[in-house]
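Structure record follows, encoded as structure tokens.
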Protein chains: 2
Amino acid sequence: MEIIAEKKKAILESTLKLIKENGFHGTPMSMVAKRAGVAAGTIYHYFDSKDTLIMELFAYTQGQVQEAVHKDLREGMDLKENFFLRWISRCQFYIQHPDVLFFIEQFVSSPYYPRCSPDQNERSQNDIKEFINLGRQHGILRDVDFKLMAIMIHSSIMTAARVHIDGKVQLGEKEFHQLAQMIWDSIRKL
Amino acid sequence: MEIIAEKKKAILESTLKLIKENGFHGTPMSMVAKRAGVAAGTIYHYFDSKDTLIMELFAYTQGQVQEAVHKDLREGMDLKENFFLRWISRCQFYIQHPDVLFFIEQFVSSPYYPRCSPDQNERSQNDIKEFINLGRQHGILRDVDFKLMAIMIHSSIMTAARVHIDGKVQLGEKEFHQLAQMIWDSIRKL
DNA sequence: GGTTGTCTATTGAACGTTCATTCGGTAGTG
DNA sequence: CACTACCGAATGAACGTTCAATAGACAACC
């Protein structure tokens, strides 16, 4: 893992926050600079352009998510436990980092997303896939296309987190389990 | 239903297409004008600003979706059939109108979305809610928060359509049913 | 039936602003 | 002296929006 210069990190973080507040447009470089406490020119010392700043920001947030989920993982869980844990901790990560959620949502539905390398966006769901593979081998999961299942799971997580953040529904311990159970029932053989 | 002037419609349609191709930013008004075959100034005859153009475009697409789904509905179906039909026809609508899907995705994860009136975005899932209510009354569905369930269903539809359009997975008759079955199993009592 | 006035639809050049990016310069380090 | 990190005013292009001008439709009036 590359060590990120302090100012570079500050730029990434403030971009993240500003994009949550003002959206993709509506965040001029000058504002990023001010919020990060650097000069406008400094940004261009670290990033070629606004586009690459945003592309790198995506990689940066993907790293954060990955890290957070893996931290919670323990050995010797059965598949269902494993699924619940992954689902819930991913969802909680997004809830605790709304700016990441907002950014990713915006990013994936923007013309930027198709531009990132295929393995970049595959890695983003690597841990989900790893899990699906396991479930398949044990004959526990339905025979549904791999990618399809992975994406359906991931989108359920994002959606749940989003609803919670918007305050439309309060998600507590109970609701998390209800939701994880719903998704679990949708992917396992009945 | 308001009758929309021809040029107004052309403006809406070309905005839709351009946003799919170039994203929210990346679609200057001048380009919208050219594609719609009108002068730049004409847009401002129908819309106060770019913002209101986009807000109205959202309402416009919502109307289209609503209409398409209701067309397929018949009387005397049981709940499960009803669900399958709604799920599949909504999904197919998005697949047949990728520009609508792209636009809605971008719109809801942008700072525009929170600005539309609450009943505007509630209406957008009205038919899903109508269905959930029915299922609740019959005791077929799980006891999960209303809004939560509606949004989970809706997001599954959008995600499935998106995956298909991106060509990551080919969805045929069989896959549609598999998917609808998955979601059905996730919302019904087991 | 012709004349006048009003209203709407439309045009596209011009305006003013915003914004990404550049660049010449300063400071610190080795 | 060379090299990197950093600054921030200056630049120039892009873009949303305005506006004076034109044309057509329709009605009122003589």
Side-chain angles (χ1 to χ4, degrees), chain A residues 1-60 102-103 106-107 110-113 115-116, chain B residues 2-60 102-103 106-107 110-116:
Chain A
M1 183 72 88
E2 179 194 2
I3 291 159
I4 305 176
E6 204 162 323
K7 300 231 167 176
K8 184 170 184 180
K9 198 170 173 180
I11 293 167
L12 287 168
E13 292 288 350
S14 64
T15 308
L16 195 60
K17 267 158 208 146
L18 286 168
I19 286 182
K20 177 193 156 149
E21 287 162 27
N22 312 314
F24 243 29
H25 34 318
T27 34
M29 297 295 258
S30 56
M31 214 184 265
V32 172
K34 190 184 282 181
R35 179 81 149 249
V38 303
T42 305
I43 300 177
Y44 290 87
H45 180 68
Y46 292 106
F47 306 94
D48 285 345
S49 66
K50 191 178 185 181
D51 278 14
T52 64
L53 165 58
I54 288 174
M55 298 292 270
E56 279 201 41
L57 183 51
F58 181 62
Y60 176 73
F102 277 57
F103 171 71
Q106 258 182 88
F107 185 85
S110 80
Y112 288 113
Y113 186 50
R115 272 195 262 153
C116 44
Chain B
E2 179 194 1
I3 292 157
I4 305 177
E6 203 163 325
K7 299 231 168 177
K8 184 171 184 180
K9 198 169 174 179
I11 293 167
L12 288 168
E13 292 288 350
S14 64
T15 308
L16 195 60
K17 266 158 208 146
L18 285 169
I19 285 182
K20 178 192 156 148
E21 286 163 27
N22 312 315
F24 244 29
H25 34 315
T27 31
M29 297 296 258
S30 56
M31 215 185 263
V32 172
K34 190 183 284 180
R35 179 82 149 249
V38 303
T42 305
I43 299 178
Y44 290 87
H45 181 68
Y46 293 105
F47 307 93
D48 285 345
S49 65
K50 191 178 185 180
D51 278 14
T52 64
L53 165 56
I54 288 174
M55 299 291 271
E56 278 201 44
L57 183 51
F58 181 62
Y60 176 71
F102 276 56
F103 171 71
Q106 258 182 90
F107 185 85
S110 80
Y112 289 112
Y113 186 51
R115 272 194 263 152
C116 43

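Keep in mind the model is a prediction, meaning the values are calculated, not measured. Proteins come first, then strands; the chains are lettered A, B, ... in the order of their sequence lines, and each starts at number 1.
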Worksheet item: Between Lys8(B) and Glu13(B), is the closest basic N to carboxylate O distance under 4.0 Å?
Response: no
Item to complete: In whole angstrom, give the distance that lies between atom CD1 of Ile43(B) and atom P of dA13(C).
Response: 15 Å
Discussion item. Could you report the tightest heavy-atom contact between Ile19(B) and Thr27(B), atom names first, then the distance?
Written reply: N-CG2, 3.7 Å
Fill in: Rounded distance in Å - CZ (Phe47(B)) to P (dA9(C))
13 Å
Practice prompt. Assign the ring pair Phe107(A) / Tyr113(A) to parallel, tilted or perpendicular, where the plane angle (0 to 90°) is split at 30° and 60°.
Written response: perpendicular
Worksheet item: Side-chain N or O of Tyr46(B) less than 4.0 angstrom from OP1 or OP2 on dT10(C)?
Response: yes
Discussion item. Please tell me if His45(B) has a side-chain N or O lying less than 4.0 Å from either OP1 or OP2 of dT10(C).
Written reply: no
Fill in: Separation of atom CE in Met29(A) from atom P in dA20(C), rounded to whole Å
6 Å
Item to complete: Return the orientation label for the Tyr112(B) and His25(A) ring planes: parallel under 30°, perpendicular over 60°, tilted otherwise.
Response: tilted
Item to complete: Mind calculating the distance between OH (Tyr44(B)) and P (dA13(C)) to the nearest angstrom?
Response: 16 Å
Item to complete: Kindly give the heavy-atom pair with the smallest separation between Thr52(B) and Asp48(B), and that separation in Å.
Response: OG1-N, 3.2 Å
Fill in: Rounded interatomic separation in angstrom, taking NE2 from His25(B) and C1' from dA20(C)
13 Å
Practice prompt. Look at the side chain of Gln106(B) and the backbone N and O of Phe24(B), then say whether any donor-acceptor pair between them is shorter than 3.5 Å.
Written response: yes
Discussion item. Rounded to whole Å, how long is the line connecting atom CD1 of Ile11(A) with atom C1' of dT21(C)?
Written reply: 14 Å
Response to the item:
Under a 4.0 Å heavy-atom criterion, DNA chain D is touched by chain A from dA5(D) to dG8(D)
Worksheet item: Taking atom P of dT22(C) as reference, at what distance in whole Å does atom NZ of Lys50(A) sit?
Response: 15 Å
